[in-house]
Student: 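Here's a structure for you.
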Amino acid sequence: MTTTNNNKETPRAIAILASFLRSESAGGIVLMGAALAALIVANSGLSAGYFAILHSVFLGLSVELWINDGLMAIFFLMVGLEIKREVLAGGLATWGQRALPGFAAAGGMLVPALIYIAVNWGNPQTLSGWAIPAATDIAFALGVLSLLGNRVPTSLKVFLAALAILDDLGAVTIIAFFYSSGLNLPMLLASFATLAVLIIMNRLQVRRLLPYLLLGALLWFFVLQSGVHATLAGVALALCIPLGKPEEEARSPLLFLEEKLHYWVAFAIVPVFGFANAGVSLSGISLHNLIDPVPLGVALGLFFGKQIGVFLAALLAIRSGLATLPEGSNWMQLYGVAILCGIGFTMSLFIGNLAFPGAPHLIDEVKVGVLMGSGLAAIVGVIMLRSRICKG
């Protein structure tokens, strides 16, 4: 009897797991679990081994750099594929569709940056972290939003996804222009030459993915050595992958690659990044440290800056007639989603590493600020969207 019951339970467990992996909230939940695990490990007897593994060197780079410069290049490849698809044939294909999330994304990047700058004014060393609270974590935010089920109209989920995609585009631009240094001209020229070959392949309508991926790996190496951040190679490669015509979607190289990468990025690459970067020892941190300029600027930027910037910019776009309120939603629901935009986990931690290279104490302060700001945004956003005031 026991064997029979176990045989019946196994397919049921597999079905439940498959259903979870297909759900919108799955990636965000796994990322939350990875971040929590990193915090637990970093504050336990395993902390020495945890940090030793991250700093150990393999093939010339530390494990931490392989994750942040290597695996995250695949994450940025996925981001680039999503941006290209949405702009050419998706929810951002027309200016009308781009207006509301575009205004909201711009406001949601500007106000947090200004708040961080105001808090860190007069300190040149920490001012370089101004972009840390400017990005929204699409997986985390959509995961939290999806947990609310039908309390939130589908149109607001689409709005948040479009906003986060444009937000990612802004973050990529910031990284390219503000967090690249010590340029190696020969390697930079080699990067441009490789990119030119990829563009020519696209123009010649080469549809096999393997040549793109092989050249993409070469592009990553050249960009890594050039002084420009290596993850930008992922975005550049994505923009060269052919999308194809709407009637050819089933054979689209871009859609095929995006589908194949989705689960690896959501359930392996991003959680591994979260586990490697969210670990911070809280043993030496007091309440006084929480109001140091870096963690305070990051937390205030994410929690207050995001909701103010996103909501006011969206309000401006709607009131001016450039955009309309998402179908089936009300102003308070839009404000609740604006609060959730303060979840900046993955991209904020990533930019924090770029802003303070060689300053581990500041990177730890960034982690504290990101955890505070993102945690507050998630909790308050959920409470707001579950409240009666959002149902009317």
Side-chain angles (χ1 to χ4, degrees), residues 31 35-36 38-39 42-43 47 50-51 54-55 64-65 67-69 72 108-137 140-141 167 170-171 174-175 177-181 229 231 273-309 339 341-380:
L31 179 56
L36 180 60
L39 274 175
N43 291 277
S47 62
Y50 169 80
F51 290 111
L54 289 178
H55 296 143
E64 186 176 26
L65 282 178
I67 293 169
N68 293 347
D69 289 14
M72 287 301 282
M109 298 189 81
L110 177 62
V111 178
L114 291 176
I115 288 177
Y116 181 93
I117 290 170
V119 173
N120 286 267
W121 190 256
N123 190 334
Q125 184 185 17
T126 61
L127 268 178
S128 61
W130 62 270
I132 295 168
T136 295
D137 189 307
F140 218 140
D167 194 279
I174 287 171
I175 291 168
F177 283 97
F178 296 99
Y179 294 108
S180 298
S181 60
H229 201 271
T231 51
F273 173 83
F275 183 75
N277 287 274
V280 56
S281 175
L282 303 176
S283 59
I285 296 176
S286 64
L287 289 175
H288 182 268
N289 297 129
L290 300 182
I291 57 173
D292 283 347
V294 170
L296 185 62
V298 171
L300 292 179
L302 285 172
F303 182 62
F304 289 110
K306 273 291 184 180
Q307 60 179 280
I308 293 170
I339 296 173
C341 289
I343 302 174
F345 190 79
T346 305
M347 198 67 81
S348 293
L349 289 176
F350 186 79
I351 294 175
N353 286 325
L354 301 181
F356 303 124
H361 68 290
L362 290 179
I363 292 176
D364 282 348
E365 289 192 348
V366 168
K367 293 177 183 179
V368 172
V370 169
L371 290 171
M372 285 195 302
S374 298
L376 273 174
I379 293 167
V380 176

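None of the values given here were measured: they were computed from a predicted structure. Quick note: residue numbers are just sequence positions, from 1.
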Student: Work out which heavy atom in Ala355 is nearest to a heavy atom in Ser128; give both atom names and the distance.
Tutor: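 Where Ala355 meets Ser128 most closely, the heavy atoms are O-OG, 3.3 Å.
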Student: Does Thr126 reach the side chain of Asp292, with side-chain heavy atoms less than 4.5 Å apart?
Tutor: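 Not touching, per the 4.5 Å side-chain cut-off.
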Student: Between Pro112 and Gly301, which heavy-atom pair has the shortest distance, and what is it?
Tutor: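 The pair with the smallest heavy-atom distance is CB-O, 3.3 Å.
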Student: Are the side chain of Lys306 and the backbone N or O of Ala134 linked by a donor-acceptor pair below 3.5 Å?
Tutor: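 Between the backbone of Ala134 and the side chain of Lys306 there is a qualifying donor-acceptor contact (under 3.5 Å).
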Student: I need the Ile379 CD1 to Ile343 CD1 distance, nearest 0.5 Å.
Tutor: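 Output value for this atom pair is 9.5 Å.
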Student: Between atom CD1 of Ile117 and atom CG of Asn123, what is the distance when rounded to the nearest 0.5 Å?
Tutor: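 Going from the CD1 atom of Ile117 to the CG atom of Asn123 covers 13.0 Å.
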Student: Nearest 0.5 angstrom please: Asn353 CG to Glu64 CD, how far?
Tutor: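 With rounding to 0.5 Å, CG (Asn353) is 6.0 Å from CD (Glu64).
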Student: What closest approach, in Å, do Gly344 and Ser374 show between heavy atoms, and which atom pair accounts for it?
Tutor: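 Nearest heavy atoms, Gly344 then Ser374: N-OG, 3.1 Å.
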Student: For Asp167 and Thr136, indicate whether the former's side chain and the latter's backbone hold a donor-acceptor pair under 3.5 Å.
Tutor: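 Judged by distance alone, yes, a pair lies under 3.5 Å.
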Student: In this structure, which one of Phe356, Phe178, Tyr116, Trp121 forms a ring-ring contact (aromatic ring centres under 6.0 Å, His included) with Trp130?
Tutor: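 Only one of Phe356, Phe178, Tyr116, Trp121 forms a ring-ring contact (aromatic ring centres under 6.0 Å, His included) with Trp130, namely Phe178.
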Student: Parallel, tilted or perpendicular: which describes the rings of Tyr50 and Phe275, with under 30° parallel and over 60° perpendicular?
Tutor: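 Perpendicular, since the angle between the ring planes exceeds 60°.
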Student: Please name the pair of heavy atoms, one in Ile339 and one in Ala377, separated by the smallest distance, quoted to 0.1 Å.
Tutor: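 Closest heavy-atom pair between Ile339 and Ala377: O-CB, 3.3 Å.
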Student: Between Asn120 and Pro293 (side chain of the first, backbone of the second, donor and acceptor by atom type, cut-off under 3.5 Å), is there such a pair?
Tutor: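 A pair under 3.5 Å: yes.
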Student: Below 4.5 Å, heavy atoms only, C-beta onward: do Leu362 and Gln125 meet side chain to side chain?
Tutor: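 SC-SC contact between Leu362 and Gln125 confirmed.
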Student: Of all the heavy-atom pairs spanning Thr346 and Phe273, show the shortest one and how long it is.
Tutor: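 Heavy atoms only, the tightest pair is O-CE2, 3.4 Å.
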Student: Evaluate the side-chain proximity of Glu365 to Val298: yes if any heavy-atom separation is below 4.5 Å, no if none is.
Tutor: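 They are not in side-chain contact.
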Student: For the CG atom of Leu65 and the NE2 atom of His55, what is their distance to the nearest 0.5 Å?
Tutor: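 Leu65 CG to His55 NE2: 9.0 Å, rounded to 0.5 Å.
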Student: Can you tell me how far CD1 of Ile67 sits from CG of Asn277, rounded to the nearest 0.5 angstrom?
Tutor: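 Reported to 0.5 Å precision, the distance equals 7.5 Å.
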Student: Got a donor-acceptor contact below 3.5 angstrom from the Gln307 side chain to the Phe303 backbone?
Tutor: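 Side chain of Gln307 to backbone of Phe303: a pair is present.
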Student: State, with a plain yes or no, whether a side-chain heavy atom of Leu302 is found less than 4.5 Å away from one of Ser348.
Tutor: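 A side-chain contact under 4.5 Å exists here.
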Student: Taking all heavy atoms of Ala171 and all of Ala135, pick out the closest pair and write down the distance.
Tutor: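 Smallest heavy-atom distance, with atoms named: CB-CB, 4.4 Å.
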